[in-house]
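Report on one structure; see the data block that follows.
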Amino acid sequence: MYKISLITGDGIGPELSESAVSVINAINDKLGLKFDVTKLSAGDKALKESGKALPDETVDTIKKSDACLKAPVGESAADVIVVLRRILDLYANIRPAKSYPHMPALRDDIDMVIVRENTEDLYTGKEFSLGDSAVALRIISENASKRIAKYAFETAKQRNSTKKVTCVHKSNVMRITDGLFARSCTEVSKNYPDILFEQMYVDACAMNLIRQPEQFDVIVTTNLFGDILSDESSQVVGGLGMAPAANIGDNFALFEPVHGAAFDIAGKNIANPSSFLLSIKMMLDWLGAKNNDSKCLEVGQKLESTIFNLVKTGVKTKDIGGTKSTSEFTQAITNML
Ligand code: ATP
């Protein structure tokens with residue numbers, strides 16, 4: 001049995017969490033795996049109710065679980081996810097962009113992944129005022145850069161693909177910080193002679209994601225660039241409603257959609273739960289690899305192919321050109337599992 005902690009979040013978070021619990025219950029009932037889910041509060045609602053966006057009990061329960069699922073949280077996101085990434089040392093943020101059938105997408109033949117450094121850069125929150133200026137410290141270390149580069153090459157090694165790593169930075173402007181990132185990735189690349197390695201400036205990468213996205217296999221980049229480029233890559237293949245993410249450390253992992261709380265559509269039962277359900281697929285892959293549990297890998301495959309087959313037959317939510325509500329789409333998945 002696996003213990004799963006679930007942050008239910010704000011905005012569309014509770015609707016996505018309900019969908020996730022229904023799917024996990026179906027996996028428990030029909031597919032011979034056992035997950036025990038504990039719902040936890042964090043985010044805007046938790047801040048209002050308890051005065052803390054990330055209550056201590058939530059952190060304690062997460063630490064005792066085998067993996068964490070996190071629905072999106074609202075304005076207090078930086079006080080929740082950025083803190084969790086740091087205290088759990090979830091240094092690799094993995095954001096796949098994969099084409100599914102019949103999407104309102106720019107391309108239908110893309111299968112790439114962004115490996116985003118998750119602990120440094122402008123996300124350390126070191127900001128202050130200085131005279132009439134505001135200053136933010138951009139921290140890039142050799143240790144974290146090499147660690148994420150290694151993760152990217154290992155990811156490329158395991159993928160059934162062209163096996164290429166593109167290191168994205170802006171070292172022509174940020175010569176010291178991104179210079180260090182680029183040098184660290186280049187050094188790590190020498191340990192992987194069978195994997196192609198290239199470098200690209202972030203502005204060129206943003207353009208090429210539209211112009212020639214098929215050229216990418218694995219992109220490795222710093223925290224802020226990874227955040228921006230993964231929203232863009234998700235749009236290339238079908239939008240944020242189909243975009244999952246994993247935050248991975250050496251001993252623990254947390255899975256969440258790429259998107260935020262989407263308050264504009266909250267409470268309307270129209271959000272696409274696929275981003276969160278595909279995050280469960282990533283969780284199953286991670287648990288399977290960590291525990292040598294082939295059943296998890298098998299169920300993960302099944303969950304993804306169920307979503308694939310549903311959207312192929314036109315069972316889709318509004319954001320990707322369909323008419324199904326969140327609950328109808330979820331029901332279709334649990335029936336098909
Ligand atoms: P954040 O800054 O926290 O990432 P954001 O303001 O960029 O949030 P998101 O919540 O990430 O906005 O989403 C942008 C828009 O995409 C939403 O306003 C919503 O219309 C759409 N969207 C996001 N997620 C979904 C989803 N799961 N289903 C349908 N539409 C979605």
Side-chain angles (χ1 to χ4, degrees), residues 6-23 42-47 53-54 69-85 93 95-98 100 102-106 114 116 118 121-123 125 206 223-247 254-282 303-304 307 310-311 315-333:
L6 166 65
I7 292 176
T8 52
D10 304 309
I12 58 171
E15 294 160 77
L16 262 49
S17 298
E18 213 174 290
S19 171
V21 169
S22 300
V23 167
D44 297 357
K45 197 159 162 261
L47 181 64
L54 185 60
L69 288 170
K70 184 197 139 288
V73 300
E75 287 301 310
S76 52
D79 297 323
V80 179
I81 187 61
V82 179
V83 176
L84 280 173
R85 285 170 185 158
N93 193 331
R95 297 187 158 187
K98 191 168 168 180
Y100 285 86
H102 307 313
M103 291 289 144
L106 297 179
I114 293 181
R116 164 190 175 195
N118 220 11
D121 196 353
L122 290 164
Y123 282 65
N223 206 339
L224 181 62
F225 294 161
D227 195 17
I228 297 166
L229 294 175
S230 56
D231 266 32
E232 186 186 355
S233 63
S234 80
Q235 201 56 48
V236 173
V237 297
L240 285 169
M242 299 298 294
N247 297 268
L254 179 153
F255 303 84
E256 59 174 350
V258 166
H259 59 75
F263 287 106
D264 55 330
I265 56 166
K268 296 183 178 164
N269 196 22
I270 58 169
N272 186 350
S274 303
S275 54
F276 208 20
L277 303 180
L278 290 168
S279 304
I280 295 179
K281 192 267 181 204
M282 293 184 85
L303 177 57
E304 187 182 22
I307 295 171
L310 269 179
V311 297
V315 180
K316 300 192 285 189
T317 46
K318 198 171 151 211
D319 59 308
I320 51 171
T323 56
K324 296 292 172 201
S325 66
T326 312
S327 46
E328 285 167 342
F329 186 74
T330 304
Q331 181 77 53
I333 289 176

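Counting starts at 1 for both ligands and their atoms, following the listed order. Every heavy atom of this structure was used, including side-chain atoms; hydrogens, water molecules and symmetry mates were not. Note that this is a predicted model, so its numbers are computed, not measured.
Looking at Ser17 and Phe276, their side chains come closer than 4.5 Å, going by heavy atoms from C-beta outward. Side-chain contact between His259 and Asn272 is absent, with no heavy-atom pair separated by less than 4.5 Å. Side chains of Ser233 and Arg95 form no contact here, defined as non-hydrogen atoms less than 4.5 Å apart. Ile81 has its side chain out of reach of Val73: every pair of non-hydrogen atoms, C-beta onward, lies at least 4.5 Å apart. No side-chain heavy atom of Glu256 sits less than 4.5 Å from a side-chain heavy atom of Ile7. Side chains of Asp10 and Phe263 form a contact here, defined as non-hydrogen atoms less than 4.5 Å apart. At a threshold of 4.5 Å between non-hydrogen side-chain atoms, the residues Asn223 and Arg116 count as touching. Put simply, the side chain of Val311 does not reach to within 4.5 Å of the side chain of His102, judged on heavy atoms.
The protein reaches atom 27 (N) of ligand 1 closely, with a heavy atom under 4.0 angstrom from it. Using a 4.0 Å threshold on non-hydrogen atoms, atom 19 (C) of ligand 1 counts as touching the protein. Counting protein heavy atoms under 4.0 angstrom from atom 9 (P) of ligand 1 gives one or more.
Contact annotation: for Ala261 versus ligand 1, heavy atoms closer than 4.0 Å belong to the backbone alone. Contacts between Thr317 and ligand 1 below 4.0 angstrom, taking non-hydrogen atoms only, are absent altogether.
Residue-environment remark: CD (Glu18) stays at or below the threshold of 12 foreign heavy atoms within 6.0 Å.
Checked by distance only, ligand 1 and Asn272 come closer than 3.5 Å through their nitrogen or oxygen atoms. In terms of polar-atom proximity, Ala262 is counted as a contact of ligand 1, with an N or O under 3.5 Å from an N or O of the ligand.
Remark: minimum distance from atom 4 (O) of ligand 1 to any protein heavy atom is reached at Gly260 N, 3.6 Å. The protein atom (non-hydrogen) at minimum distance from atom 16 (O) of ligand 1 is Leu240 CD1, 3.9 Å. Nearest protein neighbour of atom 17 (C) of ligand 1, counting heavy atoms only, is Asp264 OD1, 3.5 Å. Ranking the protein heavy atoms by distance from atom 31 (C) of ligand 1 puts Ile265 CD1, 3.8 Å first. Residue, atom and distance of the protein heavy atom nearest to atom 7 (O) of ligand 1 are Asp231 OD2, 4.8 Å. Scanning the protein for heavy atoms near atom 24 (N) of ligand 1, the closest one is His259 CG, 3.2 Å.
In summary, the atoms of ligand 1 found under 4.0 Å from a heavy atom of Ala271, numbered by their order in the structure, are 28 (N).
For the ligand labelled ligand 1, residue Ala77 lies outside the 4.0 Å heavy-atom shell.
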The test is side-chain contact (heavy atoms from CB on, under 4.5 Å); show your working for Tyr123 and Asp227 and say whether it passes. CA-CA 11 Å; Tyr123 282 65; Asp227 195 17; 2.8 Å; yes
